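Below: the structure, in structure tokens.
Everything numeric here is computed off the predicted structure, so don't read it as measured data. Just so it is clear, the values below take in all heavy atoms, side chains as well, and ignore hydrogens, waters and symmetry mates.
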Amino acid sequence: MSAVSLFCLVFSYFALLLAVAWRTSRNATNDSFFIGNKRSNWMLVAFGMVGTTLSGVTFVSVPGAIGRDGFGYVQVILGYVLGYIAVAYILLPLYYRLKLTSIYHYLDVRLGRRSYQSGAAFFILSRTLSASARLYLVVNILQATILDSLGVPFWLTTLVILAMILLYTYEGGVQTIVWTDTLQTTGMLLGLLICAGWLLGQLGLSLPDSLAAMEAQGLTRVVTSSVDSPAYFWKQFLAGFFIVLAMTGMDQEIMQKNISVRTLRDSQKNMLLLTVILTGVLLLFMFLGGLLSLYAPTVGLAASGDKLFPAVVMQHMPAAVQLVFFIGLVSALFPSADGALTALTSTFCIDILGIQRRSDLPPAAQLRLRHRVHLGFCALFLLLVLLFKWVDNASMIGLVLKLTGYTYGPLLGLFAFGILTRRSVRDRWVPLVALAGPAICYAIDYHQKLLFGSYRLGLELLIMNGLLVFAGLCLISKPRQ
């Protein structure tokens, strides 16, 4: 398929998103932007959140990793399932009982203003870095496959995509995101299913035969028995549990959509339905990765990792399937950026600027302030994506994504201390404790060979981070009065 045709496809897809945004954002207010007036349909939220939870990176990275790791990701998925149940029955009741717009307000109620602002600040840092890094990785694929051949510079591609996202999130916020995410999740799943079906046809295999072929090549291995390996079962399982607990249950972007549902019971049903759908989608991604690993040798393709899926699509799939792939890729791109932009705007306005506490600002002034913050984060995304392109180092992007995982440790420690203990803290010391946790974890990770010998740390660094912050809070705590 020509680059011009693919470009027209992306433009048409955006036009559809804009039409949905126009329809859902009429008469929007700050309340509808932040929590959708608590009128969101729980089934739509659950389905749309699949697109938010995954990303364009998942779209190419999970299938690409099968040749190296087999189906080991199943170990993490099992932890995810337990984590989503914990979010549904531990954290959501807490958020609904306090009638929160920002989940970090819980830290203000329970621990104090510095704790509250520390939690919000770590979320802003985490989500800004991770969302812009993921946006860069997918824009880079679009640039290399479509826009370089049209002579469009990278900076203009990034600017146009961010302008698109800004246009359909500017007014409606969560009220719009719930519907656009549903559309985008549909597009992503369509791309996934059709690409998998085409590969099965090319390989001449039925579903059972393809699984048998994957097993024969060792692609379906799941459990790693060596405790020294980062892929050891209990490391992966516990990491999956705490990743969901911290990066979903304590993440404003994800919880903002959950608490936009009218009742706690519906929100819990939304979380459980999300668990079922997401598990199925991730298993399908792994199955697709197995098919790609079987197909590549038959056509002499040497690509691996993140390059495998795009290489098969661009070099061997027909135009119609290429079109479907790009629908899926773009559908995975937008939710990872639009939800982040909306959540960052909400958190900065509510938690940092205190927009809902300022009686000196009439509604019109609050709306103008929210618009300026929204534009500011959009500009920040642009600068960061261009910075990543200028550095042009894949390992640096990986480091950014890993460091954002560290920044969820303080949130895990703060929320755990508030929920599991009855003690209060010396609030002015909380920012130092929150900074110390990830700093110590980074030092341990950097020197892990010296400290642990053959033992290798993996995703359990998040757990260590949360424990360090929890321990630090215990040191500065006092009996609750």
side-chain contact (heavy atoms from CB on, under 4.5 Å) evaluation trace for D445 with Y406: CA-CA 11 Å; D445 186 30; Y406 291 164; 2.7 Å; yes
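- When all heavy atoms of L166 and C378 are compared, the pair lying nearest together is CB-SG, 4.1 Å.
- Summarising the geometry, atom OG1 belonging to T220 is positioned 12.0 Å from atom CZ belonging to F287; distances are rounded to the nearest 0.5 Å.
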Working for side-chain contact (heavy atoms from CB on, under 4.5 Å), residues V74 and M286: CA-CA 9 Å; V74 168; M286 289 189 291; 3.4 Å; yes
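- The aromatic rings of Y104 and F123 are tilted relative to each other, their planes meeting at an angle between 30° and 60°.
- With a 4.5 Å cut-off on side-chain heavy atoms, C195 and F309 count as touching.
- The minimum heavy-atom distance linking V425 with S115 is given by the pair CG2-OG, 4.1 Å.
- Side-chain atoms of S118 and P410, non-hydrogen and from C-beta on, never get closer than 4.5 Å to each other.
- For the residue pair G413 and L473, the shortest heavy atom distance occurs at O-CD1, 3.7 Å.
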F71 vs R221, side-chain contact (heavy atoms from CB on, under 4.5 Å): CA-CA, chis, key distance, verdict: CA-CA 6 Å; F71 282 13; R221 65 189 184 278; over 6 Å; no
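- Judged by distance alone, with hydrogens and angles left aside, the side-chain atoms of Q236 form no donor-acceptor pair with the main-chain N or O of F233 at under 3.5 Å.
- Taking the side chain as every heavy atom from C-beta outward, L111 and V430 never approach each other to under 4.5 Å.
- Nearest approach of V385 to S132, heavy atoms of both residues: CG2-O, 3.6 Å.
- Taking the six-membered ring where tryptophan is involved, the planes of W234 and F237 are perpendicular, since the angle between them exceeds 60° and thus also 30°.
- Y73 and Y80 are linked by a side-chain donor-acceptor pair at a separation below 3.5 angstrom, with hydrogens and angles left out of the test.
- Within the 4.5 Å cutoff, the side chain of R426 has no heavy atoms near those of the S477 side chain.
- When side chains are defined from C-beta on, L272 does not count as touching Y84, because their heavy atoms never get closer than 4.5 Å.
- Taking each heavy atom of L288 and P63 in turn, the nearest pair found is CD2-CG, 4.2 Å.
- Scanning both residues, L107 and G119, for their nearest heavy atoms gives CD1-CA, 4.0 Å.
- Between the side chain of Q252 and the main chain of T347, no donor-acceptor pair closer than 3.5 Å is present.
- None of L375, V373, I350 except one satisfies the side chain to side chain contact (heavy atoms under 4.5 Å, CB included) rule with T345; the exception is V373.
- Note that CD1 of I243 and CD1 of I463 are 8.5 Å apart. Values are rounded to the nearest 0.5 Å.
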side-chain contact (heavy atoms from CB on, under 4.5 Å) between T128 and F381, worked out: CA-CA 7 Å; T128 301; F381 273 34; 4.2 Å; yes
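- Taking L435 as the reference, F122 meet the side-chain contact (heavy atoms from CB on, under 4.5 Å) condition, with sequence neighbours excluded.
- The closest side-chain heavy-atom distance from V87 to M255 is below 4.5 Å.
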Trace of the salt bridge (charged side-chain N to carboxylate O under 4.0 Å, His left out) decision for D427 with R114: CA-CA 6 Å; D427 193 41; R114 294 288 182 89; 5.6 Å; no
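- Taken to the nearest 0.5 Å, the NZ atom of K269 stands 7.0 Å off from the OG1 atom of T263.
- The shortest side-chain heavy-atom distance between M271 and N258 falls under the 4.5 Å cut-off.
- For the atom pair CG (L462) and OG1 (T407), the distance works out to 9.5 Å, reported to the nearest 0.5 Å.
- With I77 as the partner, the side chain to side chain contact (heavy atoms under 4.5 Å, CB included) test is satisfied by one option alone out of L278, L282, T275: L282.
- Residues in residues 280-290 take part in no side chain to side chain donor-acceptor pair (under 3.5 Å) pair, two or more places apart or across chains.
- Of the N and O atoms on the side chains of N465 and Y408, not one donor lies less than 3.5 Å from an acceptor on the other residue.
- Here the CD1 atom belonging to I124 is positioned 7.0 Å from the CG atom belonging to D351, to the nearest 0.5 angstrom.
- Between the CG atom in L341 and the CZ atom in R127 there is a gap of 12.0 Å [rounded to 0.5 Å].
- Residues I259 and Y96 meet the side-chain proximity criterion, which asks for heavy atoms closer than 4.5 Å.
- Judged by distance alone, with hydrogens and angles left aside, the side-chain atoms of R423 form no donor-acceptor pair with the main-chain N or O of C474 at under 3.5 Å.
- A donor-acceptor pair is defined here as one N or O able to donate and one able to accept, closer than 3.5 Å; no such pair exists between the side chain of D69 and the backbone of G72.
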